[in-house]
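Note that this is a predicted model, so its numbers are computed, not measured.
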Amino acid sequence: MNTSVSASQTPLDAVVIGAGFAGLYALHRLREMGLNVQGFEAGSGVAGTWYWNRYPGARTDSASEVYQYWFSDALLKDWNWSERFPAQAETERYLNFVADRLDLRPMIRFNNRVTHAHWDAAANLWDVRTDQGASVRCRYLLSCLGPLSEPKVPPFEGHENFKGRFLHTSRWPKEGIDLSGKRVGVIGTGATGVQVIQTIASQVGELFVFQRTPTYAIAMRNTKLTDEDRAALRSRYTALGEWVKHSLAGFAFDMQRKAWADTTKAERRAIFEDLYADGSLVMWGGNFAEVLVDPVANEELSEFMREKMRARLTKPGVADKLIPTYGFGTRRPPLDCGYLEAFNRDNVHLIDIKAAPIERFTEAGIRTADAEYPLDIIVLATGFDAATGAINAIDIRGRDGVSLKSLWDRDITTAMGLQKHGFPNFFTSAAPLAPAAAFCNVPTCLQQQVEWITDCVAHVEQNGKEKVIEATQAFEDNWVKHHDQVTGATLIAKADSWWTGANIAGKPRRVLSYLHVGNYRKACDEVAAKAYEGFEIR
Ligand code: N01
């Protein structure tokens with residue numbers, strides 16, 4: 001393949017970075033508009049998150065009927081999901097199916113990681129370069145990097161001495177790893193750790209789970225879908241597609257209509273039981289709004305969840321360590337399929353590294369403050385530098401050579417997560433201060449953002465003399481203020497997790513995600529309806 005596109009060639013209209021849910025759709029939309037577009041993708045294939053995260057047990061916590069593109073009846077008609085909560089391989093296949101159907105592959109340069117994007121103010125063009133030496137110039141630059149693509153690899157002392165295998169979950173090899181009979185350590189018990197642990201517990205010799213913060217686990221109710229199930233779901237696709245757009249978090253459920261104060265404890269218990277029985281994130285996003293803001297309401301729900309978890313644990317002493325004391329839903333609550341039961345097994349050992357922290361990796365394994373654990377494989381399920389990490393990994397410089405990373409190292413602000421003042425014609429999806437950064441069934445929000453961005457590009461193409469658009473500082477400041485008011489009122493703002501950037505040392509703290517998909521959409525639509533009020537077009 002020719003990778004030496006030179007900067008002297010005719011500038012492109014647009015470059016799209018990333019070939020996951022957002023990137024594929026952006027390529028399609030921009031091409032439909034008649035623009036000359038190039039995609040760049042670091043991986044060798046499409047699918048983004050679902051290309052990279054091939055660790056054992058990876059699957060969505062979103063039901064398949066809302067984890068898809070809505071814009072094409074043909075795609076909706078011809079793709080058959082096999083499970084309510086599809087596994088990684090199936091979701092990756094789906095995105096490959098979409099790429100083939102829309103003939104997107106020829107537009108993408110694979111194995112090219114974008115490293116550099118500098119705004120050339122004299123030419124009104126972005127200068128984009130990759131690690132393979134590709135170099136192009138374009139008018140519009142779209143970041144479609146996904147919210148969770150930059151792995152967090154903590155600097156454990158002595159990790160280079162470890163003689164066994166050591167890997168992050170999001171870099172699991174395609175050919176898999178033979179775990180049979182092995183002594184495996186997993187560090188991290190977020191949504192990823194939960195899936196890995198429950199899946200490999202029965203495959204490995206011994207499993208050592210190094211837990212710093214326990215997690216709530218909602219028992220997932222996964223089912224195989226029959227033809228009848230699929231037909232029934234398909235008949236609701238139009239309604240579902242509309243519902244997710246205006247919901248709290250991009251799923252086909254809404255919060256309870258009744259106020260907490262108007263219900264008795266017994267009524268609430270019955271509602272919790274119903275929500276729990278669904279085995280989905282409705283337990284979080286379909287609950288009472290009060291549990292997100294009122295500590296007393298939150299504690300009642302948290303106690304319900306703890307009771308559910310305790311009932312599944314049989315080994316003495318494990319429940320006390322494995323059941324969280326913080327409030328339910330203030331950190332992302334994963335769905336699980338046998339996570340808790342894995343700890344009932346004799347070959348699974350829970351190591352409390354809050355009580356006795358990891359001191360270092362040794363040649364043989366991990367040494368904590370009170371013991372040494374010989375291991376063959378160490379799996380890091382330690383998460384991601386969310387929303388900003390993947391964008392900051394590129395040297396992005398806007399007007400006057402200002403680096404985006406240098407700004408975000410001080411304060412994480414954006415104009416609705418769609419642009420950043422000082423970076424003309426640079427559009428972001430899954431960036432901070434939009435629901436796509438965290439509080440969303442991601443495909444719902446990425447589609448909305450791609451539609452907004454591409455409509456905006458069409459507007460600028462028609463109305464901009466120089467075809468340049470940039471969010472004003474005042475607009476950005478107002479959005480940041482509004483975002484902080486909305487999210488600052490929640491208990492989430494007080495909790496330490498990737499949702500607040502607290503998982504990355506030195507990351508400025510702010511709730512990364514806007515809360516309420518429907519309200520966000522409305523706000524975006526209003527801006528567009530007023531000819532992109534708050535953005536300067538020239
Ligand atoms: O990452 P996380 P994740 N020493 O940040 C621990 C999505 N997702 O990859 O909390 C020891 O949640 C850390 O401990 P602590 C989903 O949105 C979706 O699991 O910092 N431990 C924590 O336990 C999810 O929320 C799906 O004390 C360290 C864990 O590592 C998001 O991805 C599946 C440590 C990291 O948890 C991220 O989930 C998977 C250290 N130095 C993921 N550093 C589905 O839809 C970190 N930890 C199913």
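Among the candidates Leu141, Leu407, Thr428, the single residue satisfying the side chain to side chain contact (heavy atoms under 4.5 Å, CB included) test with Phe423 is Leu407. Of the options Leu433, Ile412, Ile492, a side chain to side chain contact (heavy atoms under 4.5 Å, CB included) to Leu512 is made by Ile412 and by none of the others. Test Leu35, Val450, Ile453 against Arg29 for side chain to side chain contact (heavy atoms under 4.5 Å, CB included) and you get one pass: Val450. Each of Tyr94, Trp79, Trp81 was compared with Gln68 under the side chain to side chain donor-acceptor pair (under 3.5 Å) criterion, and only Trp81 meets it.
The shortest side-chain heavy-atom distance between Asp13 and Leu30 does not fall under the 4.5 Å cut-off. Looking at Ser82 and Glu90, their side chains come closer than 4.5 Å, going by heavy atoms from C-beta outward.
Under the 30°/60° scheme for interplanar angles, the aromatic rings of Phe251 and Phe253 are found to lie parallel. The aromatic rings of Trp284 and Phe439 lie tilted to each other, with the angle between the two planes from 30° to 60°. Ring orientation note: the planes of Trp479 and Tyr514 are tilted relative to one another, at an angle of 30° to 60°. Using a 30° and 60° split on the angle between ring planes, Phe21 and Tyr67 fall in the perpendicular class, above 60°. Using a 30° and 60° split on the angle between ring planes, His118 and His116 fall in the parallel class, below 30°.
Heavy atoms of other residues, nucleotides or ligands lying less than 6.0 angstrom from CZ of Arg113 number 12 at most. For Arg509, the CZ atom is densely surrounded, since the number of other residues' heavy atoms within 6.0 Å is greater than 12.
A centroid separation of 6.0 Å or more is found between the aromatic rings of Tyr25 and Trp70.
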TODO: Quick one: do Lys405 and Thr388 satisfy side chain to side chain donor-acceptor pair (under 3.5 Å)? Show the steps, please.
DONE: CA-CA 8 Å; Lys405 180 175 183 308; Thr388 54; over 6 Å; no

Open item on the list: One pair to check against side chain to side chain donor-acceptor pair (under 3.5 Å): Ser280 and Asp278. What are the steps and the verdict?
Closed with: CA-CA 6 Å; Ser280 72; Asp278 191 60; 2.6 Å; yes

TODO: Before giving the answer on ring pair (Phe, Tyr, Trp, His ring centres under 6.0 Å), spell out for Phe384 and His168 the whole-Å C-alpha distance, their side-chain angles and the decisive distance to 0.1 Å.
DONE: CA-CA 10 Å; Phe384 300 88; His168 190 275; 5.7 Å; yes

Open item on the list: Does His246 form a side chain to side chain donor-acceptor pair (under 3.5 Å) with Asp254? I'd like the steps, not just the answer.
Closed with: CA-CA 9 Å; His246 305 287; Asp254 294 311; over 6 Å; no

Open item on the list: Would Glu476 and Thr413 count as a side-chain contact (heavy atoms from CB on, under 4.5 Å) here? Give the steps.
Closed with: CA-CA 8 Å; Glu476 182 169 312; Thr413 59; 3.1 Å; yes

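The list of disulfide bond (SG atoms under 2.5 Å apart) pairs with a residue in residues 444-488, not counting sequence neighbours, reads Cys440-Cys445.
Annotation: cation-pi geometry not satisfied between Arg137 and Trp126 (NZ/CZ under 6.0 angstrom from ring centroid, within 45° of ring axis).
With hydrogens and angles left out, the side-chain atoms of Glu83 and Asn222 include a donor and acceptor closer than 3.5 Å. Under 3.5 Å, the side chains of Asn80 and Arg234 contain a donor-acceptor pair of N or O atoms. In the model, Gln195 has a side-chain atom that pairs as donor or acceptor with a side-chain atom of Tyr55 under 3.5 Å. Residues Thr500 and Lys507 have side chains that never bring a donor and an acceptor to within less than 3.5 angstrom of each other.
Nearest approach of Ser149 to Ala390, heavy atoms of both residues: OG-CB, 3.9 Å. Annotation for Arg59 and Ala87: closest pair CB-CA, 3.4 Å, computed over non-hydrogen atoms.
The closest donor-acceptor contact from the side chain of Lys152 to the backbone of Asn503 lies under 3.5 Å.
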